[in-house]
Q: 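Quick one: structure below, then a few questions.
Every chain is numbered from 1, with letters handed out A, B, ... down the list of sequences.
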2 protein chains.
Amino acid sequence: MIRVFIVDDHPVVIEGIHALLQHEKDIEWAGQAMNAQSCLGFFVNNTADVVLMDISMPGMEGVELCAVMKEKYPGVMILGLSSFNQGLYIKKMMEHGASGYILKNSSREELIKAIHAVQSGEIYFSGETGQALQEYQKSSMTELPVLSSREKEILGLIAEGYTNPQIAEKIFLSSFTVDSHRKNLLAKLGVKNTASLIRLAVERKLI
Amino acid sequence: MIRVFIVDDHPVVIEGIHALLQHEKDIEWAGQAMNAQSCLGFFVNNTADVVLMDISMPGMEGVELCAVMKEKYPGVMILGLSSFNQGLYIKKMMEHGASGYILKNSSREELIKAIHAVQSGEIYFSGETGQALQEYQKSSMTELPVLSSREKEILGLIAEGYTNPQIAEKIFLSSFTVDSHRKNLLAKLGVKNTASLIRLAVERKLI
DNA sequence: CCCTGAATCACTGTTTCAGGTGAGTGGCTG
DNA sequence: CAGCCACTCACCTGAAACAGTGATTCAGGG
């Protein structure tokens, strides 16, 4: 008998999963919580085998709660649960000790399979989720090089649409100097032109 | 008696809302669908008063389905439903005839209030959602000009870091033509150079 | 049927960017 | 002190981007 507990701030998700699991013979509904506090409160006097945990609760609570839970109760297996296929969240969850991750639009069969898997110590990923994780690791595994403050300043001005001469005038430098910084930016970030540079900068929130 | 139909690709959400509504005396469960096709199929021989519709279904189906439904059955009120507080989606939904929008983590009370509101022709927004919409409209009040499909294609390739000659070779055009499209992009979006162009494109999610 | 607009191509300048190379200063650190 | 690195400046060359102008074709809508 697997005791399942759920933490999610969406009432409909709690209800839905309850409905999906209520006729499973080897699954017992341990309880539910709508936020981190009440989850931790439950585990003071009770326990469960598997916790289904929404990751994208307000304020990143999910990831933190996962860390706290695994520290206090390492025997409790945590299965991440989210509506979206977000590599970033998945990665953080796993770093904090989660045993797997499934999407909320998973089928009843997949949900049950995942619960069994993590309960017996396996790592479970729904297909799409595993893919997203790979994608994520491919695209941002590479550490961003450190940019000097001058470089970041100039990167910002380039993104504003200023040309080298304009930037030079604005911050009292030679346009040769601005050009040097610009070339260093391209080299450091491994891109070939302004378009790639700005795209990377915006997407990785360097500006 | 309000007949409520739900379209959502998440089984748990369907179950959850069903559970939340099943004891409401003046609400009748008209049916459910997990995708746009089966929703449209239902309405061939049946009808409903209010449709709860997930916006963020795979492939933007939600927004499109909303448009089709309102064209075919203008009397059916549509209430957007999503896990996230995304101004962009909300705006698109409303442009396509939706009567309101609530978050999936809304309480049972709010859900029922919203259903009654839209059924009687009102526009309903959950508090947070209204805020997000305002935020969104503030930040991008200036309407984005319409880009042709060719322009969007070339914008994407510029963002990938390709130069005009490379793009020309890639999509079998003259580099003059690519340059023309590029100039049109700059003109339409009101920017002066590639840096501004790409920044705008990434920030406004044109690519 | 005419007008509009997307899409295509062309030519000519000017400006900016990219690549390479080199060099001087000042600060921090092993 | 020697070495590293950020920051600064300089020049040269070729490639790309930007600006302006103009033209053709083709599809769709009033």
Q: On the nucleotide C:dC9, are OP1 or OP2 found under 4.0 Å from the side-chain N or O atoms that B:Thr177 carries?
A: yes
Q: Using whole Å, what does the distance between atom P of nucleotide C:dT16 and atom CG of A:Leu157 come to?
A: 16 Å
Q: Under 4.0 angstrom, heavy atoms only, what part of the nucleic acid is A:Ser149 near: base, sugar-phosphate, or nothing?
A: sugar-phosphate
Q: Send over the distance from B:Leu147 CG to C:dA6 P, rounded to a whole Å.
A: 10 Å
Q: Looking only at N and O atoms, is any donor in the side chain of A:Thr163 or the base of C:dC17 less than 3.5 Å from an acceptor on the other one?
A: no
Q: Below the 4.0 Å mark, does C:dC17 have OP1 or OP2 next to a side-chain nitrogen or oxygen of B:Thr194?
A: no
Q: Would you say A:Asn193 reaches C:dC17's phosphate, i.e. side-chain N/O to OP1/OP2 under 4.0 Å?
A: no
Q: Nearest whole angstrom, please: distance from the P of C:dG13 to the NZ of B:Lys183.
A: 14 Å
Q: Select from B:Arg182 and A:Arg150 the residue whose nearest nucleotide in DNA chain D is closer to the 5' end of that strand.
A: A:Arg150
Q: Which residue lies toward the 5' end of DNA chain C, B:Asp179 or A:Lys192, if each is placed at its nearest nucleotide?
A: B:Asp179
Q: Measure NZ/B:Lys152 against P/C:dA6 and give the value in whole Å, please.
A: 12 Å
Q: In whole angstrom, give the distance that lies between atom CG of B:Leu173 and atom P of C:dA10.
A: 11 Å
Q: Nearest-Å distance, CG (A:Leu189) to P (C:dA18)?
A: 13 Å
Q: List the residues meeting ring-ring contact (aromatic ring centres under 6.0 Å, His included) with B:Phe176, not counting sequence neighbours, and say none if there are none.
A: none
Q: Do B:Glu153 and B:Arg150 meet the salt-bridge criterion of a basic N to acidic O distance under 4.0 Å?
A: yes
Q: Given C:dG19, C:dT16, C:dC9, identify the nucleotide with an atom nearest to the side chain of B:Ser174.
A: C:dC9
Q: Hey, is the main chain of B:Asp49 close enough, under 3.5 Å, to the side chain of B:Arg3 for a donor-acceptor pair?
A: no
Q: Where do A:Leu79 and A:Gly100 come nearest, in terms of heavy atoms and distance?
A: CD1-C, 3.6 Å
Q: When you check the gap from the basic side-chain N to the acidic O, do B:Lys188 and B:Glu151 get nearer than 4.0 Å?
A: yes
Q: Could you tell me from which nucleotide to which nucleotide of DNA chain D, 5' to 3', there is an atom under 4.0 Å from chain B heavy atoms?
A: D:dA16 to D:dG20
Q: Using whole Å, what does the distance between atom C1' of nucleotide C:dC9 and atom CZ of B:Phe172 come to?
A: 17 Å
Q: Can you measure A:Asn164 atom CG to C:dT15 atom C1' for me and round it to whole angstrom units?
A: 11 Å
Q: Over all heavy atoms of both residues, which pair between B:Ser38 and B:Ala33 is shortest? Give the atoms and the distance, please.
A: OG-CB, 3.0 Å
Q: Does B:Arg199 come within less than 4.0 Å of A:Glu160, counting only side-chain N to carboxylate O?
A: yes
